[in-house]
Amino acid sequence: MTITEIVELLKAALRSAASEKYGIDLDQIVVETPPKTEFGDFAFPAAFELAKLIKQATGEKQNPRAIAESLRSCLEPVEIVSKVDVAGAGYLNVFVDRGKFLADNLTADPLPNTVDPTDETAVKVCVEHTSVNPNKAAHIGHVRNSVLGDTFHRILKATGKRVEVQNYIDNTGVQVADVVVGFMYLEGRDLGSIKALDAELAAAGTSFDYYCWDLYAKVGQAYQSDEALKAKRANVLHLIEAGDNATAELADYVATRNVQCITDTMERLGIRYDLLPRESEILHLHFWDKAFEQMKQLGVIHYEPEGKHAGCWVMPWESHTASDDHEADKILVRSNGTVTYTGKDIAYQMWKLGILGLDFNYRLFHTYADGKQIWITTPNPDDHQHTHFGGGETIYNVIDTRQSYPQEVVKKGVAAISPERGEKASVHLAYEMVALSPAAAEELGFELSDEDRKRPFIEMSGRKGLGVKADDLIDRLEANALAEVESRHADLPSDQKVRIAHQLAVGALRYFLLKFTRNTVIVFDFKEALSFEGETGCFCQYSAVRANSIFRKLGDIGETLEDCRKRVAEAGSLDEIISADPASDIWSMAILASRLEETVRQAAAANEPAILAKYAFSLAKAFNLFYHNHKILSETDELKRSVLVTVADMARRSLTAALETLGIEVPEKM
RNA sequence: GGUCCCGUAGCUCAGUCGGAUAGAGCGUUCGCCUCCUAAGUGAAAGGCCGGUGGUUCGAAUCCACCCGGGAUCACCA
């Protein structure tokens, strides 16, 4: 019996007892993990809840402890339960039969829900993340977005869902226009010259997106003193949107190259995509017109004949309160007839949900080393057979918290068009920004005003060229990790050392970004981000590596995992071993390792990958304690050794699976 | 002005729809490698959970107000 099954049995027993004894239906039964192993394996605060409900129903006050006492007898008969305690103010603490649980879960898959991506009957959801403007290199803030999104997609997959990962490419916006202005008017380049530059850069070992990073900052500077340049931008933007001209072609090259650079950067971190939908196709296929038609028909938006918004199409929003400076209603079509960004976003969200009634054309963009493909939208007809894109049951948009208002508008808009799907079909996975401490900004060579220096943090800005570039940080992490590997395993072949250093760098960066909850502003600190000690990805990897080395050496003592499992499964009672364990860390280890599946479910339900990151860390910590307290290979008692080996095996499989879901690999050695 | 987020140990953060002695990491101090990897580990010190009221048997958690910090509220993109 797995943890999930046990919990379901216990909940069912409580539910029926509550309705039998008190005539109350407990629809939601909370189960907690007690703060200490001595308190048991599951804690139910149901008596508190019942006391409240009884008071509501009858007005009579009942002592939670007495209620707990009366419920206790309904849990005791459950098969795997060994003991039920009433503790504290009225907790029902359940202890499971440890030996039986161990024997039952020796080989259990820590994450049993797998899904076949080609199975069209499985529930499909879409996760959009990354979505970096394709005009410069990605910085650490973009990486937070991508790591969150990528990890969340892995979490959803682990709960048994089919997940499509989309990376939206805004290739026709002002940001791209700015860089195009830089190439054309600051540097006097045409497409041929840019291609030549691109080749030169590649030969010199720098990359196109880094060049654009600096150019973008230069253009931003130039605008401040050159009004004429700004006018040129308006023209460039117009030409890009119109398409089918030399400027648009040039912009397409710039944007596409940046997309390639950014997806390469993300690939270094194990982040991949299924589809890159582009803004240009949304424009050219007139997604908005189609959405507009539906919205007009359904009365979701209306024309404003007079007043401040005369001539506009607006979406009313009663629940959003107006203030002195701002209107409550949201304009989707301007008085000059053009659509706003939010309007386009609603049309696009409709496509994602499969309710627009239009589809893109697609072409193959990239094939990863293992054969996995990225597709991109195209103005031309499809060039290959491809799977069906879009049409997710739920759409998760990973976008920073500053976009909460427009995301809210989009959600309300699509819910008005499709009330049966409602607002729950659109989820804004919001997260706070990554900012720089004033010290870190100065370390990067930026001059700060006295005012800036007093601020708690400084926002990164692509426009100013202020930020920690993702590739730079990964390079530094890899170099540091390589030095550490070198000092420990000088004898390894160098390609293996490099691979390990890479895995450690990825682990460090991903864990660093995931250990914070989404609504915490990360004030970037080099020392903390570059650390391999304490609460880091490296710590978790190290535990797994040590666990694996036990199994590498198992043969040296003439032992096999299968024999150990067999002995444990066939042992009459393991009580002597498990109960005699002074710190009871054998049991703590086993039960914690069995909680991965429920932790993943929790993380998915709360849209919070940090929950899983924290779990992986506590698992690694528990293993280190277990490892420290028990000499596994040198244990002479055969049965005890077998228990230790099987528990270590449960721990390493669970830890490995948890890390994999976080996008962190376990190195062979470190 | 409206809305949202944050305020917990010297620092950076967790804290499971309100519950058991408020937990980690870093930093500080003192320990642990004849033994499965010391990127590890044991111990100590460190807290009016921003403030004041309220709800409750019970509040870091919920409500109200206040104080600090941040974001956002365009016919921009």
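No hydrogens, no waters, no symmetry mates; every other heavy atom, side chains included, goes into these values. Here the structure is a predicted model, which means the values were calculated and not measured. Sequence lines set the chain letters: A, B, ... in the order given, protein chains first and strands last, and positions in each chain run from 1.
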Enquirer: Using a cut-off of 4.0 Å on non-hydrogen atoms, how would the nucleic acid contact of A/Pro35 be classed: base, sugar-phosphate, or nothing?
Expert: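 Here A/Pro35 touches the bases of the nucleic acid.
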Enquirer: Taking the minimum atom-to-atom distance to the side chain of A/Thr340, which one of B/G69, B/C75, B/C5 wins?
Expert: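 The listed nucleotide nearest to A/Thr340's side chain is B/C75.
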Enquirer: What does the 5'-to-3' dot-bracket notation of RNA chain B look like when only Watson-Crick and G-U wobble pairs under 3.5 Å count, and pairs to other strands show as |?
Expert: (((((((..((((.....[...)))).(((((.......))))).....(((((..]....))))))))))))....
Enquirer: For nucleotides B/G70 and B/A9, find the distance between their C1' atoms and express it as a whole number of Å.
Expert: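 Per the computed distance, 23 Å lies between those C1' atoms.
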Enquirer: How would nucleotides 24-38 of chain B be written as a contact map, 5' to 3', with B for base contact, S for sugar-phosphate-only contact and - for no contact, using protein heavy atoms under 4.0 Å?
Expert: SSS--------BBBS
Enquirer: Mind checking if A/Leu237 touches a base, just sugar-phosphate, or nothing, with heavy atoms under 4.0 Å?
Expert: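 No contact.
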Enquirer: Can you tell if the side chain of A/Thr560 reaches within under 4.5 Å of the side chain of A/Leu554, non-hydrogen atoms only?
Expert: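 A/Thr560 does not reach A/Leu554 side chain to side chain.
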Enquirer: State, with a plain yes or no, whether a side-chain heavy atom of A/Val31 is found less than 4.5 Å away from one of A/Val94.
Expert: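 The answer is no, as the side chains (C-beta and beyond) never meet within the 4.5 Å cut-off.
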Enquirer: For A/Gln175, which contact category applies under a 4.0 Å heavy-atom criterion: base, sugar-phosphate, or nothing?
Expert: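 A/Gln175: backbone/sugar contact only, no base atoms under 4.0 Å.
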Enquirer: Throw together a table of side-chain donor-acceptor distances under 3.5 angstrom for residues 477-491 of chain A, partners on residues two or more places apart or in other chains.
Expert:
| unit_1 | atom_1 | unit_2 | atom_2 | d |
| --- | --- | --- | --- | --- |
| A/Glu478 | OE1 | A/Arg268 | NH2 | 3.0 |
| A/Glu478 | OE2 | A/His502 | ND1 | 2.6 |
| A/Glu484 | OE1 | A/Arg488 | NH2 | 2.2 |
| A/Glu486 | OE2 | A/Lys497 | NZ | 2.7 |
| A/Ser487 | OG | A/Glu484 | O | 2.8 |
| A/Arg488 | NE | A/Glu484 | O | 3.2 |
| A/His489 | NE2 | A/Met670 | O | 2.7 |

Enquirer: Mind checking side-chain contact (heavy atoms from CB on, under 4.5 Å) for A/Lys464 and listing every partner two or more places apart, or none if nothing turns up?
Expert: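 Residues passing side-chain contact (heavy atoms from CB on, under 4.5 Å) with A/Lys464: A/Ser461, A/Leu466.
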Enquirer: Quick one: label A/Thr172 by what it contacts on the DNA or RNA (base, sugar-phosphate, nothing), any heavy atom closer than 4.0 Å.
Expert: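 Touches nothing.
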Enquirer: Report which part of the nucleic acid A/Glu484 touches: base, sugar-phosphate, or nothing (heavy-atom distance under 4.0 Å, all strands).
Expert: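 Result for A/Glu484 = base.
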Enquirer: Any N/O pairs under 3.5 Å between the protein and nucleotides 56-62 of chain B? List them or say none.
Expert:
| unit_1 | atom_1 | unit_2 | atom_2 | d |
| --- | --- | --- | --- | --- |
| B/C57 | OP1 | A/Lys61 | NZ | 3.0 |

Enquirer: Heavy atoms under 4.0 Å, any strand shown: does A/Val485 hit a base, just sugar-phosphate, or nothing?
Expert: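 Base contact - A/Val485 has a heavy atom under 4.0 Å of at least one base atom.
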Enquirer: Side-chain donor-acceptor pair under 3.5 Å between A/Thr536 and A/Glu533, yes or no?
Expert: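 Short answer, no.
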Enquirer: Kindly confirm or rule out a cation-pi arrangement of A/Arg476 over A/Phe526, judged by NZ or CZ under 6.0 Å from the six-membered ring centre and within 45° of its axis?
Expert: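 A/Arg476 over A/Phe526 ring: yes.
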Enquirer: Check every strand shown and say whether A/Phe516 touches a base, only sugar-phosphate, or nothing at a heavy-atom separation below 4.0 Å.
Expert: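 Counting heavy atoms under 4.0 Å across all strands, the contact made by A/Phe516 is with sugar-phosphate only.
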Enquirer: Could you tell me whether A/Arg546 sits above the aromatic face of A/Tyr627, with NZ or CZ closer than 6.0 angstrom to the six-membered ring centre and within 45 degrees of the axis?
Expert: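 Yes - A/Arg546 lies over the ring of A/Tyr627, closer than 6.0 Å to its centre and within 45° of its axis.
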Enquirer: Please confirm whether the shortest side-chain N or O distance from A/Asn336 to OP1 or OP2 of B/C75 is below 4.0 Å.
Expert: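 It does not, given that no N or O in the side chain of A/Asn336 lies less than 4.0 Å from OP1 or OP2 of B/C75.
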Enquirer: Pick base, sugar-phosphate or nothing for A/Ala547, based on heavy-atom distances below 4.0 Å to the nucleic acid.
Expert: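 Touches nothing.
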Enquirer: Does some side-chain heavy atom of A/Leu148 sit less than 4.5 Å from a side-chain heavy atom of A/Pro609?
Expert: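 Counting from C-beta outward, A/Pro609 and A/Leu148 do come under 4.5 Å.
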Enquirer: Return the orientation label for the A/Trp288 and A/Phe292 ring planes: parallel under 30°, perpendicular over 60°, tilted otherwise.
Expert: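 Answer is parallel, since the angle falls under 30°.
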Enquirer: Given the C1' atoms of B/A24 and B/G51, what is the spacing between them in whole Å?
Expert: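 These two C1' atoms come out 27 Å apart once rounded.
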Enquirer: Mind checking the P distance from B/G40 to B/C66? Whole angstroms is fine.
Expert: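 Roughly 47 Å separates the two P atoms.
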Enquirer: Determine the Euclidean distance between corresponding P atoms of B/C26 and B/C62; express it in Å to zero decimal places.
Expert: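 After rounding to an integer number of Å, I get 30 Å for this pair.
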Enquirer: Select one nucleotide: of B/A20, B/U12, B/A71, the one nearest the side-chain heavy atoms of A/Glu459.
Expert: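 Of the options given, the side chain of A/Glu459 lies nearest B/A71.
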Enquirer: Between B/U55 and B/A64, how far apart are the P atoms? Round to whole Å, please.
Expert: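 That atom pair is separated by 15 Å.
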Enquirer: A cation-pi test, strictly: NZ or CZ of A/Arg278 under 6.0 Å from the centre of the six-membered ring of A/Tyr168 and no more than 45 degrees from its axis. Yes or no?
Expert: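 The answer is no, since A/Arg278 fails at least one limit relative to A/Tyr168.
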Enquirer: Which value, in whole Å, describes the distance between the C1' atoms of nucleotides B/C49 and B/G23?
Expert: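 Rounded to whole Å, the distance is 12 Å.
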Enquirer: Using the side chain to side chain donor-acceptor pair (under 3.5 Å) rule, collect all pairs that involve residues 641-652 of chain A, keeping only residues at least two apart or in two chains.
Expert: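 Pairs touching residues 641-652 of chain A that pass the test: A/Asn548-A/Arg652, A/Glu559-A/Arg641, A/Arg565-A/Asp649, A/Arg567-A/Ser642, A/Asp649-A/Arg652, A/Asp649-A/Arg653.
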Enquirer: Should the ring pair A/Phe617 and A/Phe539 be called parallel, tilted or perpendicular, given that the plane angle runs from 0 to 90° and is split at 30 and 60?
Expert: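 Geometry flag for A/Phe539 against A/Phe617: tilted rings.
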Enquirer: State whether A/Asn624 places a side-chain N or O below 4.0 Å from either non-bridging phosphate oxygen (OP1 or OP2) of B/U41.
Expert: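 So the side-chain polar atoms of A/Asn624 do come within 4.0 Å of the phosphate oxygens OP1 or OP2 of B/U41, strictly under.
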Enquirer: Whole angstrom is fine here: how far is it from CD1 in A/Ile500 over to P in B/A39?
Expert: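 The distance from CD1 of A/Ile500 to P of B/A39 comes to 14 Å, rounded to the nearest Å.
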Enquirer: Is the number of heavy atoms from other residues, nucleotides or ligands within 6.0 Å of NE2 (A/His302) greater than 12?
Expert: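 For A/His302, atom NE2 is crowded (more than 12 foreign heavy atoms under 6.0 Å).
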Enquirer: Using a heavy-atom cut-off of under 4.0 Å over every strand shown, decide if A/Tyr341 touches base, sugar-phosphate, or nothing.
Expert: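 Counting heavy atoms under 4.0 Å across all strands, the contact made by A/Tyr341 includes a base.
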Enquirer: Classify the nucleic acid contact of A/Asp85 as base, sugar-phosphate or nothing, counting any heavy atom under 4.0 Å across all strands shown.
Expert: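 If one applies the 4.0 Å heavy-atom cut-off, A/Asp85 turns out to touch nothing in the nucleic acid.
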Enquirer: Roughly how far apart, to the nearest Å, are B/G46 and B/A22 at atom P?
Expert: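 Their P atoms lie roughly 14 Å apart.
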Enquirer: Taking the C1' atom in each of B/U34 and B/C30, what is the distance between them to the nearest angstrom?
Expert: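 So the two C1' atoms sit 24 Å from each other.
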Enquirer: For A/Thr520, answer base if it contacts any base atom (sugar-phosphate contacts may also be present), sugar-phosphate if it contacts only those atoms, and nothing otherwise; contact means non-hydrogen atoms under 4.0 Å.
Expert: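 Sugar-phosphate: the residue A/Thr520, judged by heavy atoms under 4.0 Å, touches backbone atoms but no base.
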Enquirer: Just to be sure I understand the rule, does A/Thr517 reach a base, reach only the sugar-phosphate, or reach nothing, if contact means heavy atoms closer than 4.0 Å?
Expert: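 The residue A/Thr517 makes sugar-phosphate contact but no base contact.
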Enquirer: Taking the six-membered ring for Trp and the full ring for Phe, Tyr or His, determine whether the centres of A/Trp317 and A/Tyr405 are under 6.0 Å apart.
Expert: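 So the answer is yes for these two rings.
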